[in-house]
Structures are given as C-alpha cells and as structure tokens.
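Structure first, commentary second.
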Amino acid sequence: QVQLVESGGGMVQAGGSLRLSCAASGRTFATMGWFRQAPGKEREFVARIMWNGIRTYVESVKGRFTISRDNAKNTIYLQMNSLKPEDTAVYYCNYDPPNAASWGQGTQVTVSS
C-alpha cells in the first residue's frame, strides 16, 4: 500500500501563495488528486492530474491553482496563488477516484482576510 504524506500548508494573508507537496512512498503513475475539507463541510475535490498530464480543476480554483507531478520523485504538487479566505481547509492528496485506505493526515491551509 502506497503511503501519501502531504506538506507545505501554513497561514497566509489573502492574495498570498503556498505550494503543497504530496510525497508517495512508492511509484504512482495513476490519476492523482488534491482534495480539501473546510470546517463543518464535506471533503471536496480540488484538482486532478491524469497519467498523461491532463489537468482538471474545480471551478472555484481555476486560474489560481496549478497541479503538477514529478514522477521521478513520486511527488504531486499544488501551487496555490491568489489565495482567498474561502480556501481555508485541510488539504489532502489521494488517487482519483480516492482510495479509502490512502487518506493521510493532510496539511492545514489557513488564509486570513
């Protein structure tokens, strides 16, 4: 079972940027995604990158977030620019569709206004 470990979260002011990383313990060339869960809300899809590099984003982050992958490093990234308070959440990476056994601890992103 591949372990996924997220990092890179933090506290930023609105308009700031963060880069999240998701390190996999083994090779993963599958479709991978970033998800987030805000307080009191369901976990939601944010972005995915397919094995062939095709990217998909939820409408609310289009033009601000960029998902990428480095297969040599078994790592997925999420570059987040122009952050908004509504982006505040715990961010998780996983396969897409998600593997229930692969949810990690996530990384907290807090955006202040």
Side-chain angles (χ1 to χ4, degrees):
Q1 182 71 40
V2 174
Q3 303 292 321
L4 303 171
V5 179
E6 303 91 347
S7 63
M11 298 181 62
V12 296
Q13 291 187 330
S17 298
L18 285 172
R19 188 194 195 203
L20 306 184
S21 298
C22 171
S25 61
R27 291 185 176 183
T28 172
F29 299 113
T31 297
M32 300 296 295
W34 282 97
F35 305 82
R36 67 186 179 186
Q37 187 166 20
K41 294 187 177 181
E42 296 286 321
R43 186 151 42 195
E44 66 171 353
F45 163 81
V46 176
R48 75 168 60 89
I49 183 166
M50 297 180 66
W51 63 273
N52 56 7
I54 294 177
R55 299 168 172 85
T56 307
Y57 301 92
V58 67
E59 191 65 33
S60 61
V61 308
K62 283 183 180 179
R64 301 188 297 120
F65 290 13
T66 303
I67 188 172
S68 60
R69 68 194 305 162
D70 185 334
N71 289 336
K73 296 182 178 180
N74 297 324
T75 302
I76 309 296
Y77 303 98
L78 186 68
Q79 178 67 44
M80 306 187 296
N81 299 328
S82 301
L83 282 161
K84 302 176 180 180
E86 50 263 43
D87 296 318
T88 295
V90 179
Y91 284 71
Y92 304 86
C93 66
N94 204 325
Y95 297 92
D96 188 24
N99 180 325
S102 295
W103 291 113
Q105 296 298 310
T107 185
Q108 175 71 49
V109 172
T110 303
V111 185
S112 61
S113 57

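The structure presented is a predicted model; accordingly, all values stated were derived computationally and were not measured. Note that these values count all heavy atoms, side chains included, but never hydrogens, waters or copies made by symmetry.
Atom OG of Ser113 is separated from atom CD of Gln13 by 9.0 Å, given to the nearest 0.5 angstrom. Atom OG1 of residue Thr56 and atom CZ of residue Arg48 lie 5.0 Å apart, to the nearest 0.5 angstrom. Considering OG of Ser60 and NZ of Lys84, their distance stands at 8.0 Å, rounded to 0.5 Å. Taking CD1 of Ile67 as the start and SG of Cys93 as the end, the distance is 9.0 Å to the nearest 0.5 Å. Rounding to the nearest 0.5 Å places CG of Leu4 at 10.5 Å from CG of Asn74.
Thr75 and Ser21 get closest at one heavy-atom pair: CG2-CB, 4.3 Å. Scanning all heavy atoms of the two residues, the minimum distance from Ala24 to Val2 falls at CB-CG1, 3.8 Å. Ser17 approaches Ser82 most closely through the heavy-atom pair OG-N, 4.3 Å. Counting all heavy atoms, side chain and backbone alike, Val46 lies closest to Leu78 at CG1-CD2, 4.4 Å. Between Pro85 and Ala14 the shortest heavy-atom distance is CD-CB, 4.1 Å. Pairing each heavy atom of Gln37 with each of Lys41, the nearest pair is NE2-O, 3.1 Å.
For the pair Arg43/Asn94, no side-chain contact is recorded, criterion being any heavy-atom separation below 4.5 Å from C-beta on. Within the 4.5 Å cutoff, the side chain of Gln79 has no heavy atoms near those of the Tyr77 side chain. Tyr57 has its side chain within reach of Thr66: a pair of non-hydrogen atoms, C-beta onward, lies under 4.5 Å apart.
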Quick one: do Val12 and Met80 satisfy side chain to side chain contact (heavy atoms under 4.5 Å, CB included)? Show the steps, please. CA-CA 11 Å; Val12 296; Met80 306 187 296; over 6 Å; no
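Exactly one residue among Tyr95, Trp103, Tyr92 makes a ring pair (Phe, Tyr, Trp, His ring centres under 6.0 Å) with Phe35. That residue is Trp103. Of the residues listed (Thr88, Thr107, Asp87), the one engaging Arg36 in a side-chain hydrogen bond (donor to acceptor under 3.5 Å, both in side chains) is Asp87, and it is the only one.
Linking Ile, Leu, Val, Met, Phe, Trp and Tyr residues whenever their side-chain heavy atoms come within less than 4.5 Å leaves Val5 and Leu20 in two separate clusters.
For CD of Glu44, the number of neighbouring non-hydrogen atoms (other residues, nucleotides, ligands) closer than 6.0 Å is greater than 12. By the 6.0 Å contact criterion, CH2 on Trp51 is open, its count of non-hydrogen atoms from other residues, nucleotides or ligands being 12 or less.
Remark: side-chain polar atoms of Arg69 are paired, donor with acceptor, to backbone N or O of Met50 under 3.5 angstrom.
Between Phe65 and Tyr91, the angle of the ring planes lies from 30° to 60°, which puts this pair in the tilted group.
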